[in-house]
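Here is the structure we will look at.
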Number of protein chains: 2
Amino acid sequence: MDKKELQEQRMKGYFIDATKEILKSEGLKSLSVRNIAEKAGYSFATLYNYFPDVKHLVFYCVRDFREECRAYVQSRLEGVTKGKKRIRAIVLAYMEYFVQYPGIFELFFIEKLSDIDHQKETAGLIVHFLQELCEEDWAVCAAKKVYTDVDIQLKQSQLSIITTGILVLYMHRNTPGNYKACISLVNAQMDQILN
Amino acid sequence: MDKKELQEQRMKGYFIDATKEILKSEGLKSLSVRNIAEKAGYSFATLYNYFPDVKHLVFYCVRDFREECRAYVQSRLEGVTKGKKRIRAIVLAYMEYFVQYPGIFELFFIEKLSDIDHQKETAGLIVHFLQELCEEDWAVCAAKKVYTDVDIQLKQSQLSIITTGILVLYMHRNTPGNYKACISLVNAQMDQILN
DNA sequence: TTTATTTTATGAACAGTGTTCAGTAATTTT
DNA sequence: AAAATTACTGAACACTGTTCATAAAATAAA
């Protein structure tokens, strides 16, 4: 029983790791079942003994990438005082991560979650992730009465919308034309929101 | 010479019209070369005598949908006074159009423009479209000194970012959960921007 | 240890995708 | 009417995700 479970989790891990590797390097469009299976060291048919379809496999990666992104963001936060200042730092690091890995960006913001079972769950993981990263700092702002609770809710929503909008426009519509201008744009929007 | 050109444009039109029809009804994922060609009344191979590949064909549709969207927006503008009020009406109608046609939304905001030749051109058509729709009203605001020129530039940028962000989150991440809440969100954001 | 049973892994096959190309059909020019 | 050019098309290729019967391996029973 226990052994079986361990072996199954290990096998799933091989396929998930292979998928993550391809997503990070080549991106979503280069991903294929045969591709993944070869990197995992198994036949493409074996994959279907552990995942109902490739979409399930792909969205298992979301959980891992969330943690990877969280670690990336936290590594850029040392010495930054909690509150408004750190929210800005979190947002910048968060966006930097997705700019660095366009495949993960596409997975998080572009790819349609057609699966009915886990669609809402996965969407929630993605949509509330930034808010989760900033949770402590919003709490600090609330405690220090920097913003009202209603304000905070509005600002959280604005951050989610603006990061999504800027990332999509920059990554897929080349607007603005370079990364520096993109960061300037983020900072300008943050000035407005956090004032 | 002239006749050849006319015939060629007609043929292109058949394929473009077929593509538009599928995009509006079925969406991007249901689009295929054989699909398009059948609706156009020709073999799939014939398509390649008029377009280098299917991506070129698809992005010819952007021009047509822009005009269709423009007409849709303008039909919802009768009696609305120019300026701030009409900017809000334009944004709402603009977003309504894309919510109505998810396939066109995907084409405008999601699909990667990989083609090197027309990539920048098509991206520009999409990115500056909303600004173009509001141009007259921003001019009115500028003339009436409602906003400074610098403010207007910032607000235009904000509108582009926020409409993109909200549409992506609503259409692909089911956030917020229903259309009414989505419109409320847009209005709240517009309150902030246009104050 | 040998046999029987269950579990796991796999390649062939299917229906779909975009694209290329040789060849046929239609049109235009001579 | 014959020759040359142009337009159209189905077969074929290399992919895609997915299913399934079968072969291989591991486990259980004798």
Side-chain angles (χ1 to χ4, degrees), chain A residues 1-19 22-23 26-61 103 106-107 110-119, chain B residues 1-19 22-23 26-61 103 106-107 110-119:
Chain A
M1 295 295 144
D2 229 25
K3 230 183 276 182
K4 283 274 137 69
E5 189 63 28
L6 176 69
Q7 287 173 2
E8 191 172 322
Q9 288 307 315
R10 259 209 270 266
M11 286 295 287
K12 283 191 177 181
Y14 298 148
F15 286 110
I16 291 171
D17 286 347
T19 307
I22 296 165
L23 282 173
E26 324 279 339
L28 243 171
K29 66 158 188 271
S30 296
L31 200 73
S32 79
V33 176
R34 284 158 176 86
N35 212 354
I36 296 165
E38 187 178 17
K39 227 183 188 66
Y42 289 92
S43 162
F44 60 89
T46 309
L47 192 151
Y48 289 92
N49 294 334
Y50 297 93
F51 303 94
D53 54 60
V54 74
K55 290 224 164 203
H56 273 79
L57 169 51
V58 167
F59 285 109
Y60 271 113
C61 298
E106 292 192 347
L107 178 58
I110 298 298
E111 187 67 358
K112 219 167 178 172
L113 306 170
S114 51
D115 172 42
I116 292 168
D117 294 340
H118 300 307
Q119 187 255 335
Chain B
M1 296 296 141
D2 230 25
K3 227 183 280 181
K4 283 275 137 69
E5 188 64 26
L6 176 67
Q7 286 175 2
E8 190 172 322
Q9 288 307 317
R10 259 208 271 265
M11 285 295 286
K12 282 191 178 182
Y14 297 147
F15 285 109
I16 290 171
D17 287 347
T19 306
I22 296 165
L23 281 174
E26 323 278 340
L28 242 172
K29 66 158 187 267
S30 296
L31 199 72
S32 78
V33 175
R34 285 160 177 85
N35 211 354
I36 296 164
E38 187 178 19
K39 227 184 187 68
Y42 289 91
S43 163
F44 58 88
T46 309
L47 192 150
Y48 290 92
N49 294 333
Y50 296 93
F51 303 94
D53 55 59
V54 74
K55 289 224 162 202
H56 274 80
L57 169 52
V58 167
F59 285 108
Y60 271 111
C61 299
E106 292 192 347
L107 178 57
I110 298 297
E111 186 70 356
K112 217 166 179 173
L113 307 169
S114 53
D115 171 41
I116 292 169
D117 294 339
H118 301 307
Q119 186 257 335

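Every heavy atom of this structure was used, including side-chain atoms; hydrogens, water molecules and symmetry mates were not. Throughout, a chain's letter reflects where its sequence line sits, starting with A, and its residues are numbered from 1.
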Are A/T46 and C/dT10 close enough that a side-chain N or O sits under 4.0 Å from OP1 or OP2?
yes

Can you confirm whether A/F15 sits close enough to A/T46 that some side-chain heavy atom of one is under 4.5 Å from a side-chain heavy atom of the other?
yes

Say whether, by atom type as modelled, one donor and one acceptor occur between the side chain of A/N35 and the main chain of A/S30 under 3.5 angstrom.
yes

Counting only distance, no hydrogens or angles, is the base of C/dG16 paired donor-acceptor with the side chain of B/R34 under 3.5 Å?
no

Please give, in whole Å, the distance from C/dA9 P to A/Y42 OH?
6 Å

Figure out the CG/P separation between A/D53 and C/dA15, and round it to whole Å.
20 Å

Spacing of B/K3 atom NZ relative to D/dT5 atom C1', expressed in whole Å
16 Å

B/N35 has an atom CG; how far is it from atom C1' of C/dT17, in whole Å?
11 Å

Counting only side-chain N and O atoms of B/Y48, is one of them less than 4.0 Å from OP1 or OP2 of D/dC8?
no

Should A/S43 be listed as having a side-chain N or O under 4.0 Å from OP1 or OP2 of C/dA9?
no

Using the rule given for side chain to side chain contact (heavy atoms under 4.5 Å, CB included), can you reason through B/F59 versus B/E111, listing the C-alpha separation, both sets of side-chain angles and the distance that settles it, and then say yes or no?
CA-CA 10 Å; B/F59 285 108; B/E111 186 70 356; 3.7 Å; yes

Can you check salt bridge (Lys or Arg N to Asp or Glu O under 4.0 Å) on B/E106 and A/K112, steps first, answer last?
CA-CA 10 Å; B/E106 292 192 347; A/K112 219 167 178 172; 3.0 Å; yes

Quick one: A/K29 NZ to C/dT17 P, roughly how many Å, whole number?
21 Å

Write down the distance between CG (B/L47) and P (D/dG10), rounded to a whole number of angstrom.
14 Å

Distance, rounded to the nearest Å, where B/F44 contributes CZ and C/dT20 contributes C1':
10 Å

Between CE of B/M11 and C1' of D/dT9 the distance, given in whole Å, is 12 Å

With sugar-phosphate meaning primed atoms plus P, OP1 and OP2, does A/Y50 contact a base, only sugar-phosphate, or nothing at under 4.0 Å between heavy atoms?
sugar-phosphate

Determine the contact category for A/I36: base if any of its heavy atoms lies under 4.0 Å from a base atom, sugar-phosphate if only primed atoms, P, OP1 or OP2 are that close, otherwise nothing.
nothing

Could you check whether the side chain of A/N49 and the base of C/dA9 have a donor-acceptor pair of N or O atoms closer than 3.5 Å, going by distance alone?
yes

